[in-house]
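Encoded as structure tokens, the structure appears first; notes follow it.
What you see is a predicted model; the values in this text were computed from it and never measured. Positions are given from 1 along the sequence.
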Amino acid sequence: MSELTAAEVRCHTKTSEFSASFVQKKDASDSSQLIMSWVHTRGRLEKGSGDSGKDLVMMVQGEFPQVVLSGVEGLSEGAVFSPNGTFFVVQTKDTLLLGNTDDLTTSHGWVTLMAGESFTGRPVWVKEDRVLFGVSGGAPKRDRLFCTLSQGTGTNTAVEVEMKGPLFVAEHGGALLSWDHSQEQIGGGEAKVAIVHRLANAMLAEIVMVALDNTVVGRSRPPPKILALDCRQEYCPPQVGFLASGALLLRLNALCFRDGSHVCNAQALQALPQDASNQAKHGLWVIEDLQQTPPRLTPVDVMPEEVHGSYDCYSGMYGRPGAVEGFKMDRTRHKVVATARHNTAGKNNNSLTYSDDLFELELSDTDSKLKAKRAINTKDESGKGCKIPVAIGEDSIIYHHRSPTESGDLWKSSDSNNNVASTKRLTKTMPLSLQRKLLVPEEVTIFNKEAPLRDGEKLPIHAQIFTPPKGDGDNSRPLQPLLWLHGGPMAQYSFDCNPLLSWLASCGYLVMVPNFSGSTGNGLEFMNRVLAEGCGVTDLSDCLACATYLQSDEAQVREPRLDLSRGIAVGGHSWGGYLAFMCMLQQQKNGESVFSCGIAAAGITDWFVQQRHTEVRYYDYALMGGWVYDKTIAARARDVSPISKATELRAPLLVLHGDQDIDVPFQQIPPFVEAAKRSPHPGASVEYQAYKGEGHGMAGTETQVDYLKRVKTFLRINLKPWDFTDNPHGEVTAY
């Protein structure tokens, strides 16, 4: 198979930010037409060119795509359609543009920001003439929520806008993630806005409600009301949406009690034991009475046959999802479509999958309760993968689909007269030349029989295995095993498009990518395993279980080309880099290294330096279970810091890091490298590259090319068997 280029591996050219709307035709047919939109990134351009390389593309179903905006700086969120689809807005670097779907053009800038400000979050329409939007930076230097004010009814002409507010200001160190508007008055009072407010301790987010009345300029508003608390927002972002009944639908990781009450603010959580958040439950919930204090959370059963909390209600991914992830309502707010998938708490934990399903819910005509209506069959056409609902019509649902060989496109699922759904592709934006190079992995469930903190109970671990296709020539050669670990750790390798994994396999390896303890997508309890005493312990144990599996008869039967003659390699970036360091310092009973070679990119080596200098301190506080200057935490931090055991390195190690990294501060890398080089063990060696001017992602074009070249060469030298004609450094020996 053809090898992917560095640009293809790093997705320099891609499509994202898909959206869609059903728009009523202005003719006698009384029918609607579907309009779709996405952002197309054309690739890396020279700095100073004045072209961002991003275009806003729009398309009417059945017609050709049109570039509406080209090379606009700051184009990141795509088009946001009004409830009836008549208008749309687009956020650029400093301007909120207003557009009309009649001719797919943007007429003018609706809001222009001041110097030092930028947009944050995604705009939300208030009926057809106003928009809620978030601003970051400026003064005060905090996230703020505003609402445009339309002074006039003619939306085909210039619309004057007055910025009021702000409606809400995030706390210092906090952020505004998303928001929704009730569209109507609630309980005889004013219309309401629900806001997801991430706190400075970013593991937490409060759901806040404020009043919105733009009819009286300058009128003071009542103070915000805190409705609920998300105790684990790193598992998946909370989401809010008002239903037609006036109830509020929430996706939440909530800490509930047997009497039906719940912890609804951070102050109440602080009064509980430190590990109380570990009892939070993930799912969809409804607050029926927003006036009640404290409000009551009622669980929504998306999968009625399963226990609430035993499935995930979001589409996980490693990176940006390609569309606005979360549940979607129709324009009447009576119907809801949500993504869901089983996790380890469900019935099928012996055969885990990271592929999504879509489910339709509907407000009951009898009691106005939101109830599950049906599962939507999408697998027959679009197949397994990650699915996000994008738009809901009268008899059809538009969704965004991603898979290992699909970077993301829009599909349509329609109901026929006999209630049998038919599915069709609406867009095809991925180059066929790239798609042909990508591999479809096999999903496997392995079991860690020695999992810590399980009281002897084995732990199911989801993993995917990438291999080159079987065939003649190179594709029939033996495959050496490589365990590649994702970052985070509160992230996941879902059944998604990740060209890096196909590239690694195409170099001639069996690549296993596990979702180890601490990963998302497998239930909150599974993610919580990596916190505090589990940090660097439970996740490492799962990696070692994967190594054991790769040496088993089952793995050999599954892939007869598996070649263990030079052992097993391990590698990863960020948290994956940290675990690669930890894995490389583990020994077998005979004193040999468990892994024969390793690649650690942007990984933690010293928890004391990490907590002291990182810009994501809340994350590392949660992982360590406290501050490293506490004596109890210090002992734990020392035990799981690779630098404490650097001289125990017994096999070749490649270390890659950006010298401007502030997520995993670079200061901790040179001391580890020097210590590892002092290892007395004959098999130990360290290859080290610090990338000048690069941050955590090492995103520079030249850096990415060099990164991939070093990884390929290192594995070829240290994992591939040598022969008499193929020089491990890439040169062909001449005879």
Side-chain angles (χ1 to χ4, degrees), residues 14-42 54-72 75-92 96-108 110 122-123 125 127-129 131 155-156 322-324 328-332 335 337 378 381-382 387-402 406-416 421-431:
K14 61 183 178 181
T15 51
S16 60
E17 309 306 325
F18 282 82
S19 60
S21 179
F22 290 93
V23 182
Q24 200 72 22
K25 290 184 178 180
K26 295 183 178 179
D27 55 29
S29 65
D30 196 33
S31 60
S32 62
Q33 63 182 3
L34 177 65
I35 297 180
M36 294 158 280
S37 172
W38 61 89
V39 173
H40 176 223
T41 303
R42 288 180 269 117
K54 292 186 176 182
D55 301 332
L56 178 69
V57 182
M58 302 189 79
M59 183 177 78
V60 178
Q61 185 179 0
E63 299 181 9
F64 289 107
Q66 301 180 39
V67 177
V68 177
L69 296 171
S70 181
V72 178
L75 185 63
S76 59
E77 289 294 335
V80 181
F81 294 95
S82 63
N84 292 331
T86 308
F87 307 104
F88 64 90
V89 290
V90 180
Q91 289 178 166
T92 63
L96 182 70
L97 298 173
L98 175 64
N100 194 306
T101 55
D102 275 349
D103 52 9
L104 301 185
T105 59
T106 56
S107 55
H108 66 285
W110 199 353
R122 188 173 177 86
W125 281 86
K127 298 186 177 180
E128 291 289 314
D129 64 341
V131 169
T155 48
N156 291 324
V324 179
K328 189 72 178 180
M329 299 182 181
D330 72 339
R331 69 182 57 181
T332 69
K335 293 182 181 179
V337 175
T378 59
E381 296 294 334
S382 60
K387 299 174 175 65
I388 299 173
V390 172
I392 305 174
E394 290 186 8
D395 58 359
S396 60
I397 293 165
I398 311 302
Y399 65 95
H400 183 264
H401 169 79
R402 312 182 314 281
E406 293 271 0
S407 58
D409 272 303
L410 294 182
W411 291 70
K412 182 179 182 179
S413 176
S414 303
D415 277 348
S416 59
S422 62
T423 305
K424 64 179 292 187
R425 178 192 287 272
L426 297 175
T427 64
K428 190 171 181 63
T429 60
M430 188 178 194

Quiz item: Just how far is it from atom CG of Asn100 to atom OG1 of Thr86, taken to the nearest 0.5 Å?
Solution: 7.5 Å
Quiz prompt | Which residues share a salt bridge (Lys or Arg N to Asp or Glu O under 4.0 Å) with Arg331, sequence neighbours left out | solution = none
Self-check item: Closest approach of Asp55 to Gly71 (non-hydrogen atoms, all atoms of both residues)
Solution: OD1-N, 3.1 Å
Quiz item: Rounded to the nearest 0.5 Å, what separation is found between the OG atom of Ser413 and the NE2 atom of His401?
Solution: 13.0 Å
Self-check item: Residues forming a side-chain contact (heavy atoms from CB on, under 4.5 Å) with Lys14, sequence neighbours excluded
Solution: Cys11, Thr41
Quiz item: Does Glu406 come within less than 4.0 Å of Arg425, counting only side-chain N to carboxylate O?
Solution: yes
Exercise. Mind running side chain to side chain contact (heavy atoms under 4.5 Å, CB included) on Asp409 and Trp38 for me, showing each step along the way?
Key: CA-CA 9 Å; Asp409 272 303; Trp38 61 89; over 6 Å; no
Quiz item: Do Val60 and Leu104 come within less than 4.5 Å of each other through their side chains, counting heavy atoms only?
Solution: yes
Quiz prompt | Nearest heavy-atom neighbours spanning Leu96 and Gln91 | solution = CD1-CG, 3.7 Å
Quiz item: Does a side-chain heavy-atom distance below 4.5 Å link Pro83 with Lys127?
Solution: no
Exercise. Could you grab the distance from atom CG of Leu75 to atom CG of Leu56, nearest 0.5 Å is fine?
Key: 5.5 Å
Quiz item: Leu69 versus Leu97: any side-chain heavy-atom pair under 4.5 Å?
Solution: yes
Self-check item: Beyond-backbone contact of Lys54 with Ser16, side-chain heavy atoms, under 4.5 angstrom
Solution: no
Exercise. Provide the closest heavy-atom pair for Met58 versus Ile35 in the form atom of the first, atom of the second, distance.
Key: CE-CG2, 4.2 Å
Exercise. Look only at the side chain of Trp125 and the backbone of Val80, and say whether a donor-acceptor pair between them is shorter than 3.5 Å.
Key: yes
Quiz prompt | Rounded distance [0.5 Å steps], CD in Glu394 versus NZ in Lys335 | solution = 7.5 Å
Self-check item: Side chain proximity check, Tyr399 to Val337, heavy atoms < 4.5 angstrom
Solution: no
Quiz item: Can you name the side-chain contact (heavy atoms from CB on, under 4.5 Å) partners of Thr332, sequence neighbours left out?
Solution: Asp330, His334
Self-check item: Close side-chain approach of Arg122 to Ser19, heavy-atom, < 4.5 Å
Solution: yes
Exercise. For Ala20 and Leu34, work out which heavy atoms get closest and say how close.
Key: CB-CD1, 4.0 Å
Exercise. Verify, without hydrogens or angle tests, whether Ser407 (side chain) and Met430 (backbone) share a donor-acceptor contact under 3.5 angstrom.
Key: no
Practice problem: Would you name the heavy atoms of Gly408 and Arg402 that are closest together and state the gap between them? | Solution: CA-CG, 3.9 Å
Practice problem: Please report the shortest heavy-atom distance between Glu128 and Gly85, naming the atom on each side. | Solution: OE2-N, 4.3 Å
Quiz item: Any side-chain heavy atom of Ser21 within less than 4.5 Å of one from Phe88?
Solution: no
Quiz item: Just how far is it from atom OG of Ser32 to atom CG of Asn84, taken to the nearest 0.5 Å?
Solution: 11.5 Å
Quiz item: CZ/Phe22 to CD/Gln61 distance, rounded to the nearest 0.5 angstrom?
Solution: 7.5 Å
Self-check item: Student check: side-chain heavy atoms of Val23 and Phe81 closer than 4.5 Å
Solution: no
